[in-house]
Amino acid sequence: MKPSIATSIGQIQLDKPVMLASGILGISLDVFNRLYASGAGAVVTKSLSTVSWEGYPNPTIFSVKGGGWINAVGLSNPGASNFAKMIEPNQDVPIIVSLVGSVPEDFEMMIKEFKNCKVKAYELNLSCPHVAKVGLEVGDDPGLVKAIVSTVKNATDVPAIAKVGLGTSNYLNTVSTAIDCGIDAITAINTVRAMAIDVETQRPILSNKFGGLSGTPIKPIALRCVYEISSKYDIPIIGCGGISTWEDAIEFFLAGASGVQLGSAIGDNWVGVFDDINKGILDYMKRKNYSTIKEMVGLAKKS
Amino acid sequence: MKPSIATSIGQIQLDKPVMLASGILGISLDVFNRLYASGAGAVVTKSLSTVSWEGYPNPTIFSVKGGGWINAVGLSNPGASNFAKMIEPNQDVPIIVSLVGSVPEDFEMMIKEFKNCKVKAYELNLSCPHVAKVGLEVGDDPGLVKAIVSTVKNATDVPAIAKVGLGTSNYLNTVSTAIDCGIDAITAINTVRAMAIDVETQRPILSNKFGGLSGTPIKPIALRCVYEISSKYDIPIIGCGGISTWEDAIEFFLAGASGVQLGSAIGDNWVGVFDDINKGILDYMKRKNYSTIKEMVGLAKKS
Amino acid sequence: MQRNLNHPTIVTIEKVIDETPTVRTLVFSDDVMPTVLPGQFAMVWIPGVNELPMSVMISKESGKAAFTVRKHGPSSTGLFNVPVGGQIGIRGPYGNSFDVKEGKLLLVGGGTGLVPMMRLLSFVKPTDDVTVLMGAKSKDEVFFEDLSNELLKNNPHQVIVSTDDGSYGEKGFVTDLVEKLVSETHFDAVYVCGPEIMMYKTVQAAHAKQIFVQASLERMMKCGVGICGSCCVGEDLACRDGTVFDGGHLSKNKEFGHFHRNKAGILENY
Amino acid sequence: MQRNLNHPTIVTIEKVIDETPTVRTLVFSDDVMPTVLPGQFAMVWIPGVNELPMSVMISKESGKAAFTVRKHGPSSTGLFNVPVGGQIGIRGPYGNSFDVKEGKLLLVGGGTGLVPMMRLLSFVKPTDDVTVLMGAKSKDEVFFEDLSNELLKNNPHQVIVSTDDGSYGEKGFVTDLVEKLVSETHFDAVYVCGPEIMMYKTVQAAHAKQIFVQASLERMMKCGVGICGSCCVGEDLACRDGTVFDGGHLSKNKEFGHFHRNKAGILENY
Ligand SMILES: Cc1cc2nc3c(=O)[nH]c(=O)nc-3n(C[C@H](O)[C@H](O)[C@H](O)COP(=O)(O)OP(=O)(O)OC[C@H]3O[C@@H](n4cnc5c(N)ncnc54)[C@H](O)[C@@H]3O)c2cc1C
Ligand SMILES: Cc1cc2nc3c(=O)[nH]c(=O)nc-3n(C[C@H](O)[C@H](O)[C@H](O)COP(=O)(O)OP(=O)(O)OC[C@H]3O[C@@H](n4cnc5c(N)ncnc54)[C@H](O)[C@@H]3O)c2cc1C
Ligand SMILES: Cc1cc2nc3c(=O)[nH]c(=O)nc-3n(C[C@H](O)[C@H](O)[C@H](O)COP(=O)(O)O)c2cc1C
Ligand SMILES: Cc1cc2nc3c(=O)[nH]c(=O)nc-3n(C[C@H](O)[C@H](O)[C@H](O)COP(=O)(O)O)c2cc1C
Ligand code: FES
Ligand code: FES
């Protein structure tokens with residue numbers, strides 16, 4: 001049998017396992033179509049808020065030694081309502097809508113905006129490390145996580161994913177709370193809070209001083225999170241963090257992820273990265289005699 | 001005036017600001033002498049326990065993409081008593097003794113072993129991410145941190161440093177608790193819990209599965225911790241994590257560190273790295289017209 | 001250690017040239033920027049102020065490059081005000097570049113859109129017959145006229161200036177002149193950089209005559225490498241797919257000439 | 001992407017050669033290992049078992065290298081048992097290498113200490129006069145005798161085997177033979193690898209006669225790159241400063257020949 005790289009993340013069925021991560025290139029339907037044509041299994045939108053946000057002033061993104069990027073874009077986005085209008089015409093592209101907010105009502109309100117859109121899943125950003133009152137500040141608060149996930153699960157039948165990251169509490173508690181409230185899947189991880197200082201001008205480079213580290217440097221951290229989650233809970237996982245090659249993707253499958261997302265790798269390898277990774281996964285499956293992604297998921301825990 | 005790279009970390013005075021981090025090359029007095037002669041301002045010993053530990057089986061260390069290392073040596077060490085005997089003859093080398101334990105009594109007992117040794121400071125390892133019941137499991141428990149730091153401060157007049165890292169709680173709480181109990185300085189950070197899986201054999205590479213990520217990848221994370229601590233507390237800080245060049249050291253000074261430690265860089269640049277960095281710091285000070293390290297400490301917070 | 005081109009490298013301004021009361025050229029030494037291709041840009045960090053995309057300007061001295069900035073909002077004014085000895089951070093170069101064709105060339109620039117044109121001029125062959133068309137609002141906003149003539153001194157060439165108010169050179173909009181020129185003369189290539197409407201009309205005029213035409217687009221930029229998405233123009237990312245696009249491609253793009261995105265990513269009309 | 005030499009690369013065992021009942025050579029293809037210098041080692045991961053330092057053995061086929069392992073504790077037994085088609089991970093090469101001198105050379109090896117000697121033999125010049133001295137407990141533990149003769153077929157050479165029990169070759173300890181040889185003949189260089197006491201006595205004997213001598217040390221190894229400290233011998237780190245050291249340096253080292261460190265880093269007598 002010819003192997004297939006199609007995958008199911010719980011209820012979420014995708015033809016290809018590598019998705020565009022949230023916040024990356026994600027503000028235009030034309031771009032989504034292009035990325036889908038380039039081999040992305042789904043695209044996750046920028047994290048949308050109830051109203052549009054300008055984000056932080058530049059500098060907002062730059063690269064650091066070791067192949068990483070630090071960003072503090074500040075969740076700039078056109079707002080859920082504008083965005084929903086833009087993607088209404090979409091039929092083909094599996095779009096995962098990322099939402100960010102401070103209270104359950106924010107999420108409820110935004111989900112209503114998407115009533116006329118084909119939404120593959122909602123991803124709740126509980127983990128942005130550099131914007132106050134949303135993201136990690138929410139993810140680190142078990143009461144809020146509970147309220148938000150419960151509200152979202154009541155508001156829609158579309159699957160909901162919680163995106164977690166390393167904050168000031170144990171992210172595994174966030175995972176566990178989200179599971180208790182019926183979350184359908186977990187994305188792990190967001191960027192890791194970080195900074196860089198320029199030694200000549202003696203200033204933090206980001207206008208926001210603090211930002212999030214992404215790319216190659218965080219891969220071993222993200223991988224251990226996926227492994228920890230899959231060892232402790234029975235929940236579909238999407239791995240994210242530093243994935244840039246097919247080997248990276250396979251590592252995440254073996255650790256327990258049913259799908260992966262990538263962002264920073266696009267800065268280095270551009271949009272061809274999706275097909276490169278898809279092809280690598282397929283070759284690996286042929287060589288190792290797998291016919292589905294599922295057969296690989298979590299294998300590293302057996303050893 | 002000719003600039004001087006001597007520095008004071010609270011009561012701890014050093015001729016040179018770059019120290020050997022704990023766990024690196026640290027089991028022989030002969031090696032300590034050599035590193036001191038190579039330009040290390042102080043050497044921190046391996047973390048010592050009340051009894052000797054064999055550590056984990058190999059593989060225990062290897063490198064990952066982006067210039068990082070993952071290790072799970074498992075705190076192998078000859079035990080405090082054996083170690084104390086070995087360093088008794090020492091007169092010249094500023095030795096910082098790193099201690100690891102599960103209860104206050106462990107620390108008390110070990111400090112007694114060093115009564116005949118010249119100890120520059122004790123560093124309490126509250127942050128090893130891959131050994132059960134010590135390290136982060138202690139650092140994440142405010143009650144234990146309180147008891148341990150108080151005990152150590154009662155047991156000795158030698159300055160005590162708390163080494164923190166990213167665990168499952170807010171490391172800033174550990175810092176704050178340690179300060180409340182009279183800690184003299186903070187070292188930030190230890191390695192970050194991580195893992196790697198080999199895709200051919202489909203196994204975690206480390207025998208312990210999980211280990212700690214060190215080197216270049218964690219620098220932006222360590223730097224933000226130093227900046228966060230120095231922004232919030234008035235406590236001398238030693239920066240550690242991914243430092244391999246003089247620019248890296250200066251970045252940590254600007255973020256608020258009065259001294260730095262390095263480990264992984266030795267694997268890449270060998271022992272010449274100390275003098276290279278010292279020289280780079282001195283040249284920078286000349287160019288920027290500083291006469292002491294102190295003048296640079298925390299400058300990035302002014303902007 | 002190798003320089004990380006995506007991390008700001010600090011350079012020191014060595015010379016400031018006042019081009020007009022609101023336009024300045026800031027010259028600096030660097031290993032990378034003096035040799036970038038025409039059309040490429042850098043992300044320029046003005047510490048404490050902002051970071052802006054800037055076309056890389058040529059310098060007469062080897063080993064040096066420059067930025068030519070018009071003071072406008074707070075960011076560009078911050079850059080404009082950097083004195084000799086001041087430090088800025090640069091990363092890049094980013095973007096693709098103009099295809100340097102041979103023969104009869106028309107270069108159209110408005111304002112600081114002339115910057116990539118000056119670098120393009122440094123790539124023309126002595127056999128090329130080059131027309132430079134530069135637009136400005138009024139006489140005191142005209143710059144790079146002498147520089148263009150100097151760069152083209154070994155070429156058959158003409159430098160045409162037009163001002164909206166007629167206070168210098170031809171009176172009227174550059175785009176009217178473009179239409180006239182392309183209908184009179186066969187050009188082998190037309191290059192344009194300036195306000196979007198100028199580029200749109202130039203592309204239309206040239207494309208209608210089936211002349212090879214390229215425009216260098218400006219959009220809101222944050223990363224410069226194709227990560228953040230802020231510079232998207234339809235399905236294209238200006239920073240990575242461009243900034244230089246062929247006329248044929250642009251005429252199929254629904255946003256070019258009509259919309260750009262604001263800082264929140266919302267489409268706005270030009 | 002470039003191979004990270006400090007990260008395990010998986011190779012497949014293509015051939016297993018039984019050298020003695022307890023010693024096997026495992027052959028594999030690789031880009032890096034076939035060309036390492038004599039004395040260099042790799043960290044060899046036997047998945048699910050352990051990771052061991054192993055001298056890199058030569059292979060007759062180009063593009064291939066090997067490990068020759070004696071089964072001893074669980075780790076080496078794990079490696080010994082890897083079948084054809086089995087996978088192991090290798091990182092390195094690590095350590096320095098023997099200085100290849102010319103003239104009259106004496107190579108002394110005991111057990112798997114012969115492995116670096118075989119690679120050294122592949123570096124000798126046809127004009128060198130080479131004596132290989134190999135020690136074993138008894139006849140059935142002798143290996144690499146034929147290989148040595150074959151590698152030296154174009155050289156003036158002799159291969160001397162000694163067994164402790166006299167069941168093959170000369171009877172007695174290798175080190176007695178070394179003492180005899182260096183007192184009778186002037187060697188330009190002596191190389192030794194084997195049990196520490198053999199190396200210690202060989203170094204002493206040669207050093208006393210002011211003959212250039214080098215030994216390749218074995219210590220507990222974890223990282224292979226000079227981070228973990230587990231391989232320290234006095235002020236030296238065997239993995240990074242060595243494994244090959246000059247006799248002059250070793251005779252000043254307080255630990256060489258007397259102590260090694262166990263897994264906890266505690267000094268133990270040999
Ligand atoms: C590829 C490229 C090359 C450019 N080359 C030059 C040049 O050589 N000389 C020159 O004077 N100007 C150039 N610009 C325009 C320049 O980047 C600024 O947009 C312009 O100077 C206006 O800045 P401001 O002071 O109004 O910004 P402010 O109003 O202070 O705005 C601040 C922020 O908005 C962003 N921003 C605002 N407008 C734009 C815009 N049009 N494009 C991108 N980002 C914007 C900036 O990144 C900045 O972070 C270029 C733009 C691009 C995209
Ligand atoms: C540079 C170097 C080259 C070597 N080359 C060879 C070779 O070519 N062939 C060969 O058979 N052996 C070689 N050895 C010895 C080999 O690494 C093992 O030590 C030996 O095989 C005994 O293993 P064991 O099965 O008893 O280990 P176990 O008793 O199972 O011990 C397990 C652990 O201890 C460590 N360990 C135990 N003994 C040693 C030791 N002496 N040195 C380093 N680590 C040790 C291993 O790393 C392993 O993690 C070499 C050692 C070194 C240092
Ligand atoms: C520029 C940038 C913007 C991002 N914006 C978002 C966002 O809006 N919402 C979100 O959940 N994650 C955001 N992220 C995090 C990514 O989705 C992803 O979790 C992270 O970058 C790690 O993946 P990578 O290493 O493949 O980039 C952003 C990352 C980058 C680099
Ligand atoms: C092999 C190895 C062993 C370590 N052992 C210890 C230890 O025993 N105690 C401790 O506090 N930190 C230990 N660390 C952490 C280092 O001291 C340091 O905090 C970390 O490596 C980050 O610094 P670096 O990036 O310069 O290596 C160890 C690190 C490595 C790589
Ligand atoms: S500026 Fe970020 S994608 Fe173009
Ligand atoms: S094996 Fe780690 S220092 Fe030598």
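Labels below follow one simple rule: chain letters A, B, ... track the order of the sequence lines, proteins then strands, and each chain is numbered from 1.
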Out of [options], return the one with the most heavy atom pairs under 4.5 angstrom to chain A.
options                        : answer
Arg240(C), Arg91(C), Glu235(C) : Arg240(C)
Gly265(C), Pro47(C), Ser75(C)  : Pro47(C)
Gly89(C), Cys232(C), Gly234(C) : Gly234(C)

Taking it one step at a time, do His7(C) and Phe62(A) satisfy ring pair (Phe, Tyr, Trp, His ring centres under 6.0 Å)?
CA-CA 5 Å; His7(C) 187 92; Phe62(A) 57 91; 5.4 Å; yes
Side-chain heavy-atom pair [X], [Y] within 4.5 angstrom cut-off:
X         : Y         : answer
His258(C) : Tyr200(C) : yes
Phe274(A) : Lys16(A)  : no
Gln204(C) : Ser251(C) : no

Quick check on the interface: out of [options], who has the most heavy-atom pairs with chain C under 4.5 Å?
options                                  : value
Val73(A), Val199(A), Val64(A), Ile70(A)  : Val64(A)
Phe32(A), Trp53(A), Trp270(A), Phe83(A)  : Trp270(A)
Ser76(A), Gly79(A), Gly55(A)             : Ser76(A)
Thr60(A), Ile61(A), Val271(A), Asp268(A) : Ile61(A)

May I ask you to decide if Cys128(A)'s main-chain N or O and Asn125(A)'s side chain share a donor-acceptor pair within less than 3.5 Å?
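Yes; judged by distance alone, with no hydrogens or angles, the pair exists.
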Which atoms of [X] approach chain A - backbone, side chain, both or neither, heavy atom under 4.5 Å:
X         : value
Met221(C) : backbone
Cys223(C) : both
Ile10(C)  : side chain
Asn50(C)  : both

What is the distance from atom CD1 of Ile90(C) to atom CE of Met33(C), rounded to the nearest 0.5 Å?
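Answer rounded to 0.5 Å: 4.5 Å.
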Segment of Trp69(A) engaging chain C (4.5 angstrom heavy-atom cut-off)
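The answer is the side chain of Trp69(A).
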What part of Ser28(A) lies closer than 4.5 angstrom to a heavy atom of chain C: side chain, backbone, both or neither?
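The answer is both parts of Ser28(A).
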Under a 4.0 Å threshold between the charged nitrogen and the carboxylate oxygen, would Asp236(C) count as salt-bridged to Arg219(C)?
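Result for this pair is no, no salt bridge flagged.
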Does a donor on one side chain and an acceptor on the other come within less than 3.5 Å for Thr68(C) and Thr112(C)?
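Short answer, no.
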With a 6.0 Å cut-off on the ring centroids, do Phe98(C) and Phe123(C) count as close?
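Judged by ring-centre distance (under 6.0 Å), Phe98(C) and Phe123(C) do not meet the cut-off.
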